[in-house]
Visitor: 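Can you read through this structure? Questions will come right after.
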Amino acid sequence: MSDSEAAPTNFIRQRVAADLSGARVSEVVTRFPPEPNGYLHIGHAKSICLNFGIADDFDGRCFLRFDDTNPEKEEMEFVESIQRDVRWLGFNWQDRLTHASDYFERLYEFAMELVLNSNAYVCSLSAEEIRESRGTLTEPGKESPFRNRSVEENIDLFNRMREGEFADGEHVLRARIDMTSGNLNMRDPVLYRIRHQVHQITGDRWCIYPLYDFTHCISDAIEGVTHSLCTLEFEDHRPLYDWVLDNTSVSCHPQQIEFSRLALDYTVMSKRMLTQLVRENHVSTWDDPRMPTIAGLRRRGYTPASIRLFCERIGVTKKDNRIEMSLLENCVREDLESSAPRRMAVIDPLKVVINNYPEDLEETFSAANHPADAGFGTREVPFAKEIYIERSDFMIDPPRKFFRLGPGREVRLRYAYLVTCTGYDTDDNGDVTTVYCDYDNQSHGGNAPDGRKVKGTIHWVSAKHAIPAEVRLYDRLFMRENPVESKQHHFSEFINPDSLITVTNAMLEPALASAENESRFQFERLGYFCVDEDSTAGQPVFNRTVTLRDSWAKQRGQGS
RNA sequence: UGGGGUGUAGCCAAGAGGUCUAAGGCACCGGAUUUUGAUUCCGGCAUUCCCAGGUUCGAAUCCUGGCACCCCAGCCA
């Protein structure tokens, strides 16, 4: 990455470094613990880069652990996509792929310890009764009438819960802590619930499932995690995290450290809302290129390096934050600028006839695949009497600062010739249908024979050689920076109706015919594009990842 | 007087009592180079760190008191 930027540092890395140098830990162990109930998004990428990044940089280890304690919401499709996405991002968990469900038996034993020491009890209140007795933010809760069941009775009941003697919801196991705590999480939290539900891995072996607060800390401890990094909303859970570890015989006590989650302008970042976008068909799939999912960004054309760079640049703090889209976009542009080969493509074709160019002549011009890196090589681009140029590169009555084509104006056809506009045809609506030009046959390759200045250089594609293609132009998914800010409007009301514009008659230079799925190019003067998996042999499909910076559009007061 | 957090430029974010008339990135505004109005390059962009007091020779950094914003009342994670 760029040398001028400081190496990643943040309060968590500083703490890890201090723990290592102070010998509080001898090796750093972290974990990325997704629940397989949806696809990973860019916010998860922040956590992945943090956890795996720290392990890599401090010579430690990082686990990929599925937090699979709620079989109702979890699916195999998600566990597969998560692994695919983490790997694609460039991280390697080696043999450290685990599941909270791997520990169900041990979790049960630790729960039994709590029961044995009167630190947990079986509560037979209904869910509603538990809620009602929990109190409120300002009033203490009331103790459950089952709070003082004997250890023997609790052992018996808890065992029978496991054996399947009870229906869902009939009993729960609760920690016995403090119903008057100002921290609601400490008001005798539920540790286990009965759920007769097939689990994607353990099948029907269990009908009781441990909850997050009990599972997570113990799973961390079992794996020898030293620093358990999570988002801010778990801050209130830390006392419970510590309580469970302090009251069971687990031999290790990881430190939970919280950081703020990522918010990105013009999108939403909760799995609940992303799930809704997919289910309600506001987008096509989890990997729709408009989605902030890793899979969506990938299909959009983002590179793993660009996402890692982004995660590095946004930093890690405890402050609520909202990142501007331009930061993310700048990261792909920066990566693709040096890595994407250049090509010419016309998205909104306007036919140009070169009056004085021989009818049946065909030439070929050598074009650099990268203007600043000869290592990319060159390719041959065919040229003939009829070509296509971008409709926006011609104006009937252009303003003075317009450097492109207009009646009587001369421009350079990139790598080919200098041409001067001699006229144009329009249809009944006054729309231009054909532009006529004369070319300077002394300007082969686009070089002015007399050294005259030609300010404008435009891209083009030979009409008879062009490959028709579909191009999908993406824009922000929402029209509001923060789609969930409004209390009276549902976020789906703010979906940008123009977030996807499909162009079916784009014209590509022939070198693009054989582009492989997911390969990325810069279409000169337009932006970066990526081959979509919907491409077929006869009809390539390209997704626009991001436009190029466009100071001309800016000057005219418009976006892209 | 429920508990837990956070406040440094438009957006992120360094900063840990003196080297701060406060790094870096994005955005923005110039200007140079350019066969992509791209890239690259140079320059500009907080006398001020939520506010008010205080401690100190010296405070964004320490203390006190305010204010603002975020999170928590799932048998979700």
Side-chain angles (χ1 to χ4, degrees), chain A residues 2 4-6 9-10 14 33-35 37 67 69-70 72-73 123 125-127 130-132 134-141 168-169 171-174 180-187 189-195 209 211-213 215-216 230-239 258 260 265 271-272 312-331 333-334 337-338 342 344 367-368 370-372 401-404 411-416 418 445-448 454-459 522-527 547-555:
Chain A
S2 80
S4 57
E5 275 173 71
T9 178
N10 55 57
Q14 288 171 1
E35 181 187 11
N37 65 346
D67 217 336
T69 58
N70 187 1
E72 289 171 27
K73 293 185 178 171
C123 180
L125 253 22
S126 68
I130 288 180
R131 189 188 329 118
E132 283 160 14
R134 185 155 29 230
T136 68
L137 294 179
T138 53
E139 300 156 16
D168 289 5
H171 305 285
V172 291
L173 184 74
R174 287 229 254 172
T180 68
S181 172
N183 181 346
L184 304 211
N185 297 123
M186 299 301 269
R187 321 242 262 226
V190 174
L191 267 21
Y192 268 89
R193 35 62 149 107
I194 299 171
R195 205 90 329 158
Y209 291 95
L211 276 87
Y212 170 84
D213 286 304
T215 311
H216 204 84
C230 62
T231 42
L232 250 30
E233 67 271 25
F234 292 102
E235 215 148 18
D236 298 340
H237 293 247
R238 179 153 30 98
E258 310 84 12
S260 50
D265 276 353
K271 273 198 249 180
R272 199 194 94 239
E312 194 175 300
R313 286 186 175 167
I314 58 178
V316 178
T317 66
K318 300 188 70 149
K319 241 186 302 187
D320 288 335
N321 62 80
R322 173 162 285 280
I323 308 291
E324 292 175 347
M325 210 44 125
S326 62
L327 182 60
L328 214 211
E329 292 177 340
N330 177 73
C331 290
R333 285 200 189 101
E334 184 170 319
E337 153 61 26
S338 59
R342 310 293 132 115
M344 289 198 285
H370 191 112
K401 301 291 283 256
F402 186 77
F403 304 148
R404 286 106 100 144
V411 296
R412 173 183 296 108
L413 295 177
R414 177 148 236 228
Y415 297 120
L418 264 24
N447 303 297
V454 177
K455 186 72 177 158
T457 298
I458 64 175
H459 58 98
Q522 183 195 99
F523 289 177
E524 296 210 39
R525 305 209 305 134
L526 297 176
T547 60
L548 254 31
R549 265 200 202 89
D550 188 348
S551 56
W552 168 242
K554 198 179 290 172
Q555 207 175 110

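The model shown is predicted, which means the values in this text are computed figures rather than measured ones. Chain letters run A, B, ... following the sequence lines, proteins first, then strands; residues in each count from 1.
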Visitor: Under 4.0 Å between any heavy atoms, over every strand shown, what does Lys318(A) touch: base, sugar-phosphate, or nothing? Just pick one.
Guide: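 Sugar-phosphate only.
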
Visitor: Taking 4.0 Å as the cut-off, does a side-chain nitrogen or oxygen of Ser326(A) come that near to OP1 or OP2 on C11(B)?
Guide: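 Checking Ser326(A) against C11(B): no side-chain N or O falls below 4.0 Å of OP1 or OP2.
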
Visitor: With respect to the phosphate group of U36(B), does any side-chain polar atom (N or O) of Arg412(A) fall under 4.0 Å of OP1 or OP2?
Guide: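 For Arg412(A), the contact criterion (side-chain N or O under 4.0 Å from OP1 or OP2 of U36(B)) is not met.
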
Visitor: Rounding to an integer number of angstrom, what distance separates C51(B) and C69(B) when you compare their C1' atoms?
Guide: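 Pairwise C1' distance, C51(B) against C69(B), rounds to 15 Å.
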
Visitor: Find the partner of C67(B): check Watson-Crick (N1-N3 plus N6-O4 or O6-N4) and G-U wobble (N1-O2, O6-N3) distances, both under 3.5 Å, and reply none if neither fits.
Guide: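 Matched C67(B) with G7(B) under the 3.5 Å cut-off.
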
Visitor: Side chains of Ile458(A) and Leu413(A): does their closest heavy-atom pair fall under 4.5 Å?
Guide: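 The answer is yes, as the side chains (C-beta and beyond) meet within the 4.5 Å cut-off.
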
Visitor: Can you name the atoms? Protein N/O to nucleotides 28-30 of chain B N/O, anything below 3.5 Å, with the distance.
Guide:
from   : atom 1 : to        : atom 2 : distance (Å)
C28(B) : OP1    : Lys554(A) : NZ     : 2.9

Visitor: Watson-Crick or G-U wobble partner for C20(B), using a 3.5 Å limit on both distances?
Guide: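 Here C20(B) is not engaged in any pair, so there is no nucleotide opposite it.
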
Visitor: Centroid distance below 5.5 Å plus an interplanar angle below 30 degrees: do Trp552(A) and G37(B) meet both conditions?
Guide: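 Base of G37(B): stacked against Trp552(A).
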
Visitor: Using purine N1 to pyrimidine N3 plus N6-O4 or O6-N4 for Watson-Crick, or N1-O2 and O6-N3 for G-U wobble, both under 3.5 Å, which nucleotide pairs with U34(B)?
Guide: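 No nucleotide pairs with U34(B).
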
Visitor: Identify, with sequence neighbours excluded, every residue that meets ring pair (Phe, Tyr, Trp, His ring centres under 6.0 Å) alongside Phe403(A).
Guide: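 Scan of Phe403(A) (ring pair (Phe, Tyr, Trp, His ring centres under 6.0 Å), adjacent residues dropped) gives none.
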
Visitor: Separation of Lys73(A) atom NZ from A77(B) atom P, in whole Å?
Guide: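 Spelled out: NZ on Lys73(A) to P on A77(B) is 8 Å.
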
Visitor: Sugar-phosphate atoms are those with a prime plus P, OP1 and OP2; base atoms are the rest. Using that split, label each nucleotide of nucleotides 66-72 of chain B B, S or - for protein heavy atoms under 4.0 Å, 5' to 3'.
Guide: ----SBB

Visitor: Phosphate oxygens OP1/OP2 of A13(B): is one of them under 4.0 Å from a side-chain N or O of Arg313(A)?
Guide: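 Result: no.
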
